[in-house]
Amino acid sequence: MSFDPKSHLSELLRAALASAAPGQKSADIVIERPRDPSHGDFASNLALQLAREIKTNPRQIAERLVHELPVSGWVDKAEVAGAGFINFRLAASAKSQVVKEVLERGPDYGKHVPMSPGGKRPKVQVEFVSANPTGPLHVGHGRGAAYGASLACLLTYAGFDVTREFYVNDAGRQMDILAVSVWLRYLDLHGEKMPFPPNAYQGDYVKDMAEQIRAAHGERYVHPAAAVLACVPPPEPDADAHLDGLIAAGKDLLGEEWHYIHQHALSEQLADSREDLEQYGVHFDCWFSERSLFDTGMVARAVAELEKRGHIYIQDGAKWFRSTTFGDEKDRVVQRENGLHTYFASDIAYHANKFERGFDKVIDVWGADHHGYIPRVKGALQALGLPVERLDVSLVQFVSLFRNGAKAAMSTRAGEYVTLRQLREDVGNDACRFFYMLRKQDQALDFDLDLAKSQSNDNPVYYVQYAHARVCSVLQQWGGEVKSLAAADLAPLASVRELALCARLREFPDMIESAARDYAPHAVAFYLRDLAADFHAWYNAERLLVDDEAQKQARLALAVAVRRVISNGLHILGVAAPEHM
RNA sequence: GCGCCCGUAGCUCAGAUGGAUAGAGUGCCACCCUCCGAAGGUGGAAGUCGCACGUUCGAAUCGUGUCGGGCGCACCA
């Protein structure tokens, strides 16, 4: 049976309240941890809140409450302080109790169990990264990936049944541009020279794919440059019309074989992203294809449903969704004049599908530049009669790269970017994942490449990992059976540092809960840094392997508990907990 | 012009539901290994929480205004 100080103190206060102020016995009781340790281990502002209601000096109320407080073996002292706070000091035994709990629950310490009687965990989906498969992932995707993966794991700890999903944008113009880019490079390899459009994909990976196709299929897809350019408008003045003309020429000349090039480019890029992410420790349960929404008719059905509900009108030959009804700044096209559906239309179908899959919560992790997109998506869900409050969008702000003190350009199209892969090779997976979590997601991040690399030894991740490795090292020298420590008598843990460390361990589940509620995995990184600091301070102040056997057992038990919580926390962040460094 | 995010120590950033003397890291200064890993620890200096009003017992936190920075306002995805 574990001991929870907050609920215990709250019960005590509830009892005191019933006799001190019966009229207010159902008031909210908040127990918080004071910042300043001299204010005790826990505090309540109950008297301050009651003061307004019952028009009495808060200090008087607090005095009365303390007087009526039932006696408890866990509480050493309850006193009135400041304007009317009630400060509690716990008995040492109440504080060190947490060590036992950590050792018993092990990898599950910090995990919340479902409160409902049926024990069913709410289903939540986290969709993140969802980068266009038109080139390598870059450092911006790296942030979204680190954030989404950590958030998903955090939510698992918080008691949710989590599904991680990647939405594959395998339909639409961007993929056609990639396919035509590959084809043009391929033609170039066969001596069919023509200017490569500046708004096509420039990266070397495009040439690599062209080379692969030549190696596998020789001249099969070759057409003379003159034939390709025959009906294509010139790049000036409309570069997009030129590019679309090239795409049309490709589809026309290649017929069914256009599909091969398109498919090859798609599967190559997707495989590359998937491998990159797996190496980064980011795993997805589901890769959801945008094209499948068209193939199964779901996009058309979604639009038809909106139409049936009277939210669609036709103007200039296009079908518009009246999103202004739901607070959007203007109405949006769902089906163009040429009959093709917009990306927005497939996104409506996609979100409707998410809801059909029965998630209690759907979380979209988007780049901050998509924030203007939120009202129209929520509006569409509302128009379809779906429970829109189940959708949360978490915006991840931009990553700006700084190299040699200057902001580096980053455009996939231009091929000027630093890939996630390069970044990982430079600073390492652990430092990379942790570095991203050192900043709140809605805060713009300046990633100084030179600094990240040169300071990699000062990176906070090593500080945390070092605490873990130190415990491992001590245990090795001790040479005893770690499991036996679960039975250790914790009474010798009495110093200020030891009890502070215990309090820190006690915070872990609360931290998980609030971080999960706020979708804020960065809180885990900050917590770990604090925990490691408490541990290092204790380690330097007191020896663990002392002669006194009881003392040694208790201290080792505490050290093992610290190691366990560090490892659980690092696991959430996708960072290794090494035994040696 | 309209909308969203942000403004906290020299620098980089935390600060849930409003709470007590606003905190870390880094940089700077002074110290600590014959002793479990010094990738560590101890102490010090460093602040008008952009600014101004307002709400109240109490505001970095909530409201209004204002200044400064970022992003977005497609029949692209």
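Throughout, a chain's letter reflects where its sequence line sits, starting with A, and its residues are numbered from 1. What you see below is based on every heavy atom in this structure, not just the backbone, and it leaves out hydrogens, waters and symmetry mates. Please read these numbers as outputs of a predicted model, since none were measured by experiment.
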Is [X] near enough to [N] that one of its side-chain N or O atoms lies under 4.0 angstrom from OP1 or OP2?
X	N	result
A:Arg517	B:U17	no
A:Lys330	B:G72	no
A:His370	B:C71	no
A:Gln476	B:G37	no
A:Arg529	B:A24	no
A:Tyr436	B:C13	no
A:Lys440	B:C6	no

Both distances below 3.5 Å, Watson-Crick or wobble geometry, any strand: find the nucleotide opposite [N].
N	answer
B:C11	B:G25
B:C4	B:G70
B:U42	B:A30
B:A59	none
B:U64	B:A52

Practice item. Could you name each residue pair satisfying salt bridge (charged side-chain N to carboxylate O under 4.0 Å, His left out) that touches residues 518-541 of chain A, not counting sequence neighbours? Key: A:Arg504-A:Asp530, A:Arg504-A:Asp534

Exercise for review: Answer yes when A:Lys6 and A:Glu32 have at least one side-chain N-carboxylate O distance shorter than 4.0 Å, and no when they do not.
Suggested key: no

Check your understanding: Do A:Asp41 and A:Lys77 meet the salt-bridge criterion of a basic N to acidic O distance under 4.0 Å?
Key -> no

Rounded to whole angstroms, how far apart are [atom1] on [X] and [atom2] on [N]?
X	N	atom1	atom2	value
A:Arg439	B:G25	CZ	C1'	11 Å
A:His371	B:C6	NE2	P	12 Å
A:Trp478	B:C35	CH2	P	23 Å

Practice item. May I ask you to say what A:Ser514 touches in the nucleic acid, namely base, sugar-phosphate or nothing, with a heavy-atom cut-off under 4.0 Å? Key: nothing

Less than 3.5 Å between a donor and an acceptor, one on the side chain of [X] and one on the base of [N], is that the case here?
X	N	value
A:Asp369	B:G72	no
A:His580	B:G37	no
A:Asn87	B:A20	yes

Practice item. Between B:A9 and B:A45, how far apart are the C1' atoms? Round to whole Å, please. Key: 11 Å

**Study point:** Output field: ring centroids A:His536/A:Tyr463 closer than 6.0 Å
**Key:** yes

**Study point:** Interatomic spacing from CG in A:Leu246 to CG in A:Asp176 - rounded to 0.5 Å
**Key:** 12.0 Å

Among the candidates [options], find the nucleotide nearest to the side-chain atoms of [X].
X	options	value
A:Asp316	B:G37, B:G40, B:C75	B:C75
A:Phe398	B:C75, B:G15, B:C71	B:C71
A:Ser473	B:C36, B:G19, B:G37	B:G37
A:Glu337	B:C71, B:A77, B:C75	B:C75
A:Met581	B:G37, B:A16, B:G41	B:G37
A:Gln477	B:G40, B:G37, B:C6	B:G37

Point to revise | 5' priority, RNA chain B, between A:Glu542 and A:Ala520 [closest heavy atom] | key: A:Ala520

Check your understanding: Does A:Leu445 or A:Arg173 map to a spot on RNA chain B nearer the 5' end, using the closest nucleotide for each?
Key -> A:Leu445

Review point. Which one of A:Val333, A:Thr342, A:Ile312 satisfies the side chain to side chain contact (heavy atoms under 4.5 Å, CB included) criterion with A:Lys319?
Key: A:Ile312

Check your understanding: Does a sphere of radius 6.0 Å around CG in A:Asp548 hold more than 12 heavy atoms from other residues, nucleotides or ligands, not counting ones at 6.0 Å or beyond?
Key -> yes

Point to revise | pi-stack flag for A:Tyr463 and B:A39, centroid dist under 5.5 Å, interplanar under 30° | key: no

